[in-house]
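Have a look at the structure below, then the notes.
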Protein chains: 2
Amino acid sequence: MNGMSSNPPSKILLVDDEQDILEFLSYNLRKEGYEVYTSTNGKKAVEIARNVHPQLIILDVMMPDLDGIETCRELRAIDDLKDVVISFLTARGEDYSQIAGFDAGADDYITKPIKPRVLISRVQALLRRYNPENKTNKNKGNANTIQLGQITIDREAYLIIHDGTEIQLPKKEFELLALLGSKPGKVFTRDEILKSVWGDDVVVGDRTIDVHVRKLREKLGEEYIKTVKGVGYKFDF
Amino acid sequence: MNGMSSNPPSKILLVDDEQDILEFLSYNLRKEGYEVYTSTNGKKAVEIARNVHPQLIILDVMMPDLDGIETCRELRAIDDLKDVVISFLTARGEDYSQIAGFDAGADDYITKPIKPRVLISRVQALLRRYNPENKTNKNKGNANTIQLGQITIDREAYLIIHDGTEIQLPKKEFELLALLGSKPGKVFTRDEILKSVWGDDVVVGDRTIDVHVRKLREKLGEEYIKTVKGVGYKFDF
DNA sequence: CATTAACTTTAAGGTAAAATTAAAAGCATT
DNA sequence: AATGCTTTTAATTTTACCTTAAAGTTAATG
């Protein structure tokens, strides 16, 4: 039982159009002691959120009617809910750079399918961030973490969580990984990487990228970043 | 949206006891426009199949109660469902020599975990192979992939998916294939190929193209790239 | 059916690109 | 100014890809 920090259990609102997944998620979260509310559509979700003031809202991106992104906007527009933690729920392989570009104000992406254990740990991490005494609301606006299978990229803390272990990455390494991870599967050319991570003007030698890739592979394992010779690098997911 | 060939979206029945897998698969397939039905057990699956007549059934092999193999047998015993395409879903590393030996009547195996784009392409391949009238080859919105029968060319990832299997191609091979595939049926002369893939200035011998064609044929099969003697090469499917 | 031109096939270097390693150069922090 | 960490460079090795060359095959033509 982890839902109760000291006294009151954390309230979590789940929104997904599929009853099945809703049950799966709520079952696992309730087992941990969380107080779970559910809704199968965005409209109802906004209502519930207004009434119960959950600490965390998990929103499926793809929903008929009012989709996750719109729902998120509406929620963020409500004064009372300004600092609720909101996480999107997406299927793996999505283009996160695009979704992030929407800037709808989510704090996290959780990718499906997700194992109960991983779900719980992500939820815990998100709630830790909520921390009411921390009134300096840092997490405004865009998404701060992206979960790609075994790897979670936390843009706010510049760290990643790999197989449950936190790894603090230096700036450049982190930005390189975040770029590749923003569009899993896409090959980024060296030029694209240089422009995005180093900036238009900065000139560094070609081997610099290689060395950073090496560092990342050392820390994450060899399997995540793939080389496409003559083209560039990609995050394989 | 690719599920709709011309008008009616293809119906797919998914059967897996794990809720999150089910959700992952259905999310991705629905996004492509398929009409997806799900069941967490074999018995209910047979019922659904009887009622909705899906074009494709994807069955997890390992399920409690009525397992995939038995379910498949039952389905095949139903006269109405004789020519439904059935694919097993197995975990990677599972011993499926045994399963294959059972010969329960499946048309394909899909191994978990599977990447979204591979899943989609595999499903398309299956539907196309066994429903030949489904000849309409509408490209989906994703501007970076080209669907050519059993082959998907993904320009972003620099790879192709053939019969649902990813093949990472080297630069030159990929570019050659992408050129030929950009206009299926058209014969590209050697000059056109050289100019487009190698560039105006670069001078390479004529045999170089042949060798790359060979490599592609090795990886894809002989049937896709056709030689038109005295003229050039073309992609056919 | 011999000739020839065009394509196929195979295997062996050559080479450009990437990986690797170590060390130097930067930068904070104390 | 000394320490520890990050970033970049430089030098070397390794790898994968590309090209070529050489021999084999095919198909058209007289």
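Chain A is the first sequence line, chain B the second, and so forth, proteins listed ahead of strands; every chain is numbered from 1.
Among D:dT7, D:dC18, C:dT9, the nucleotide with an atom closest to any side-chain atom of B:Asp210 is C:dT9. Candidate nucleotides D:dT19, D:dT8, C:dA19 were compared by shortest atom distance to the side chain of A:Arg217, and C:dA19 ranks first. Checking D:dT6, D:dC18, D:dT8 against the side-chain heavy atoms of A:Pro170 singles out D:dT6 as nearest.
Atom NZ of A:Lys226 has 12 or fewer neighbouring heavy atoms from other residues, nucleotides or ligands inside a 6.0 Å radius.
For B:Tyr27, the ring pair (Phe, Tyr, Trp, His ring centres under 6.0 Å) test picks out no residue, with sequence neighbours left out.
In this structure, A:Trp198 reaches the D:dT8 phosphate: one of its side-chain N or O atoms is under 4.0 Å from OP1 or OP2. Under 4.0 angstrom from either OP1 or OP2 of C:dT20 there lies at least one side-chain N or O belonging to A:Arg214. Put simply, B:Arg207 has no side-chain N or O that comes within less than 4.0 Å of OP1 or OP2 on C:dA6.
One atom, NZ of A:Lys215, and another, P of C:dT21, lie 12 Å apart when rounded to the nearest Å. Distance B:Lys172 NZ to C:dA16 P: 12 Å, rounded to the nearest Å. Atom CD1 in B:Ile193 sits about 13 Å away from atom P in D:dT19, given to the nearest Å. The CG-C1' distance, from B:Leu194 to D:dT20, rounds to 14 Å in whole Å. Computed from coordinates, the B:Glu173 CD to D:dC17 P distance equals 8 Å when rounded to whole Å. Distance B:His212 NE2 to C:dT10 C1': 15 Å, rounded to the nearest Å. In this structure, the CG atom of A:Leu216 is 13 Å from the P atom of C:dT20, given to the nearest Å. Rounding to whole angstrom units, CZ of residue A:Phe174 and C1' of D:dT7 are separated by 17 Å.
Backbone-only contact: A:Tyr233 has heavy atoms under 4.0 Å from sugar-phosphate atoms and none from a base. As judged by a 4.0 angstrom heavy-atom cut-off over every strand, A:Lys229 is placed among the base-contacting residues. Residue contacts for A:Thr227: at a heavy-atom cut-off of 4.0 Å it reaches the sugar-phosphate backbone alone, with no base atom in range. Contacts of A:Val211 with the nucleic acid, taken as non-hydrogen atoms under 4.0 Å apart, include base atoms.
In this structure, A:Glu218 and A:Arg190 both approach DNA chain C, and ranking their closest nucleotides by distance from the 5' end singles out A:Arg190.
B:Tyr158 and B:Glu175 are linked by a side-chain donor-acceptor pair at a separation below 3.5 angstrom, with hydrogens and angles left out of the test.
Not less than 6.0 angstrom separates the ring centroid of A:Tyr233 from the ring centroid of A:Phe188. For B:His212 and B:Phe174, the gap between ring centers reaches or exceeds 6.0 Å.
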